[in-house]
Trainee: 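This structure is in structure tokens; I'll ask about it shortly.
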Amino acid sequence: MASGALAGALERAIPPACRRGVEAPPAPRLAGGEALLEFPEWRPRRPSRRFVPSLCLVNGRAAGVRFELSVLAGGAWSPWVAGAALGDAPFAAAPTRADALAAEVDEFVASLPAEAVRVRLRVAAPAPREILAARWLVTLSAWDGAVPAGAVPAARPARLDVPAVSQMEADAAIRRRLCSPASVAMVLGYWGVRADLAALAAEIFHPGLDLYGVWPAAVLAAGRRGLGGYLLRFPDWAAAAWCLEAGLPIVASVRYGAGELAGAAIPETPGHLLVLTGHDGDSVFVNDPAAPTAAAAPRRYALGELARVWLERAGVGYVLFRPTTSPSARSPRR
């Protein structure tokens, strides 16, 4: 769902294999300082178990937001389940899990393959109607659990000039936790938006979860700085290559054990974010924020290894883009 002219830009920013069209949003139901948007029933291409929603308010003011999902699995709709609330969100308490569905920080996980899903979005602010008057978009990405086949090198190389940032040059007390804000700062810089890492990290930080890496919080922060953005569970390397060739860096969520990613900035990690900046044959270019300095962040990883630790595991990426349909505004630093 996208408001106004943002729909055209969103279609240009999503890999063709992942697009399902962009619809106009429903009218919100307003009650006091809260708006509720309930979207039409949506069916994934194949029954799916993992769902990743995101909201981007382009140039929007700060607001509290919360997604709620219900899935059709085993012939019955689950109760509504609430995800983590972001921002100043005094929402009423709601269950975070049911027999058929559970919210796990960034995504919703169904216990059985779901044939359909319903999505609700709550927005809390002194004037929620004014918040929703800005350009905004809601996306939902679904994964059926199928592991992609081995990554095939793309025919056309791509290399994007993404400025490097090292999280290890930040405050020693928190620098090992800042891979998401550092990665977002790099992509903001690519689009010509300067962002102080400390300020960005403070904005993305979720005090209730004590995390700097909540995926939808990163997309909201980018939106407040004028960019469009969404979360995508990438189905294969071809979809990632399409983004890079279209001038769209990807903040990729990876995890790997010792020896699984040769040349990595850190030897192993249960969860880390880095920026994909290009590809050429069997190599993938990245800016890895865990490098000791910004100068050491640009690296080259083997495509097969990167695909394994990304696409076969979390597989999620943040994609940020200029909210315009003008091609000249889409890739300023190639």
Trainee: Would you check if P25 and V138 make a side-chain contact, meaning some heavy-atom pair closer than 4.5 Å?
Mentor: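 Result no, sub-4.5 Å side-chain heavy-atom pair not found.
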
Trainee: Does A85 offer a backbone N or O that forms a donor-acceptor pair with the side chain of H206 under 3.5 Å?
Mentor: yes

Trainee: Side chain to side chain contact (heavy atoms under 4.5 Å, CB included) between N287 and V165: does it pass, once the steps are laid out?
Mentor: CA-CA 8 Å; N287 280 1; V165 173; over 6 Å; no

Trainee: With sequence neighbours excluded, what pairs up with E41 under the side-chain hydrogen bond (donor to acceptor under 3.5 Å, both in side chains) test?
Mentor: R43

Trainee: List for me each residue that meets side-chain hydrogen bond (donor to acceptor under 3.5 Å, both in side chains) alongside Y256, sequence neighbours excluded, and say none if there are none.
Mentor: none

Trainee: Decide if atom CZ of R45 counts as having more than 12 heavy atoms of other residues, nucleotides or ligands within a radius under 6.0 Å.
Mentor: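 Atom CZ in R45 is crowded, with more than 12 foreign heavy atoms closer than 6.0 Å.
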
Trainee: Answer whether the closest heavy-atom distance between the side chains of V81 and L69 falls below 4.5 Å.
Mentor: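 The answer is no, as the side chains (C-beta and beyond) never meet within the 4.5 Å cut-off.
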
Trainee: Is a side-chain donor or acceptor of R159 paired with a backbone partner of F285 at a separation under 3.5 angstrom?
Mentor: no

Trainee: By the side chain to side chain donor-acceptor pair (under 3.5 Å) test, which pairs, at least two apart or in different chains, include something from residues 128-144?
Mentor: R46-D144, S54-T139, R61-E130

Trainee: Looking only at atom types and distance, does a side-chain atom of R49 sit under 3.5 Å from a main-chain N or O of A110, one as donor and one as acceptor?
Mentor: yes

Trainee: Please confirm whether the backbone N or O of L188 pairs with a side-chain atom of R194, one donor and one acceptor, at under 3.5 Å?
Mentor: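 Not a single qualifying donor-acceptor pair exists.
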
Trainee: For a 4.5 angstrom cut-off between non-hydrogen side-chain atoms, does F51 reach L140?
Mentor: yes

Trainee: Checking A221 now: which residues fulfil side-chain contact (heavy atoms from CB on, under 4.5 Å) with it, not counting sequence neighbours?
Mentor: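 For A221 the side-chain contact (heavy atoms from CB on, under 4.5 Å) partners, ignoring immediate neighbours, are L200, E203, I204, R224, R225.
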
Trainee: Does some side-chain heavy atom of L101 sit less than 4.5 Å from a side-chain heavy atom of S70?
Mentor: no

Trainee: C179: which residues meet the side-chain contact (heavy atoms from CB on, under 4.5 Å) condition with it, sequence neighbours left out?
Mentor: Q167, H272, L273, P289

Trainee: With under 30° as parallel and over 60° as perpendicular, where do the rings of F321 and Y230 fit, or are they tilted in between?
Mentor: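 Rings of F321 and Y230: tilted, 30 to 60°.
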
Trainee: Quick one: side-chain hydrogen bond (donor to acceptor under 3.5 Å, both in side chains) partners of Y212, sequence neighbours excluded?
Mentor: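 Once residues adjacent in sequence are excluded, Y212 has no partner under the side-chain hydrogen bond (donor to acceptor under 3.5 Å, both in side chains) criterion.
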
Trainee: Determine the sole option in V162, L276, V275 for which the side-chain contact (heavy atoms from CB on, under 4.5 Å) test with V286 is passed.
Mentor: L276

Trainee: Is the side chain of D288 donor-acceptor paired with the backbone N or O of R299 at a distance under 3.5 Å, no angle test?
Mentor: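 No, D288 side chain to R299 backbone: no donor-acceptor pair under 3.5 Å.
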
Trainee: Got a donor-acceptor contact below 3.5 angstrom from the S78 side chain to the V71 backbone?
Mentor: yes

Trainee: Please name all residues satisfying ring pair (Phe, Tyr, Trp, His ring centres under 6.0 Å) with F234, sequence neighbours left out, ordered by chain then number.
Mentor: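 F234: ring pair (Phe, Tyr, Trp, His ring centres under 6.0 Å) contacts with W310.
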
Trainee: Name all pairs fulfilling the salt bridge (Lys or Arg N to Asp or Glu O under 4.0 Å) condition that reach into residues 302-311, sequence neighbours left out, sorted by first residue then second.
Mentor: none

Trainee: If you compare all heavy atoms of A142 against all heavy atoms of P44, which two are closest, and at what distance to 0.1 Å?
Mentor: CB-CB, 4.1 Å

Trainee: Could you check if a side-chain atom of L227 sits within less than 4.5 angstrom of a side-chain atom of R322, using non-hydrogen atoms only?
Mentor: yes

Trainee: In the single-linkage hydrophobic clustering (I, L, V, M, F, W, Y; side-chain heavy atoms under 4.5 Å), do L231 and L121 co-cluster?
Mentor: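 Hydrophobic grouping puts L231 apart from L121.
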
Trainee: State whether the number of non-hydrogen atoms from other residues, nucleotides or ligands found under 6.0 Å of N59 atom CG is greater than 12.
Mentor: yes

Trainee: side-chain contact (heavy atoms from CB on, under 4.5 Å) with R175: which residues, sequence neighbours excluded?
Mentor: M168, A170, A172

Trainee: Does the side chain of P15 reach to within under 4.5 Å of the side chain of L232, using non-hydrogen atoms?
Mentor: yes

Trainee: Are the side chains of W237 and L311 in contact, using a 4.5 Å heavy-atom criterion?
Mentor: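 When only atoms from C-beta onward are counted, W237 and L311 do touch, with a gap below 4.5 Å.
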
Trainee: Measuring from atom OG of S283 to atom CG of L306, what distance do you get when rounded to the nearest 0.5 angstrom?
Mentor: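 It comes to 10.5 Å.
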
Trainee: Tell me whether E11 is salt-bridged to R19, with the criterion being a basic N under 4.0 Å from an acidic carboxylate O.
Mentor: no

Trainee: Quick one: pull up CD1 in I250 and OH in Y318 and give me the separation to the nearest 0.5 Å.
Mentor: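 I250 atom CD1 to Y318 atom OH measures 13.5 Å (nearest 0.5 Å).
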
Trainee: Kindly work out whether a path of hydrophobic side-chain contacts (I/L/V/M/F/W/Y, heavy atoms less than 4.5 Å apart) joins V219 to V22.
Mentor: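 V219 clusters together with V22.
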
Trainee: Does P40 have any side-chain contact (heavy atoms from CB on, under 4.5 Å) partners at least two apart in sequence or in another chain, and if so, which?
Mentor: M1, E23

Trainee: For residues 246-269, which residue pairs qualify under salt bridge (Lys or Arg N to Asp or Glu O under 4.0 Å), counting only residues two or more places apart or in two chains?
Mentor: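 Qualifying pairs: E260-R313.
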
Trainee: Could you state the interatomic distance from CG (D280) to CZ (R300), rounded to the nearest 0.5 Å?
Mentor: 6.5 Å

Trainee: Evaluate the side-chain proximity of L132 to L37: yes if any heavy-atom separation is below 4.5 Å, no if none is.
Mentor: yes

Trainee: Tell me the salt bridge (Lys or Arg N to Asp or Glu O under 4.0 Å) pairs involving residues 91-117, sequence neighbours left out?
Mentor: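 Counting only pairs at least two positions apart or across chains, the salt bridge (Lys or Arg N to Asp or Glu O under 4.0 Å) contacts touching residues 91-117 are R50-E107.
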
Trainee: How long is the span from the OG atom in S180 to the CG atom in L211, to the nearest 0.5 Å?
Mentor: 10.0 Å

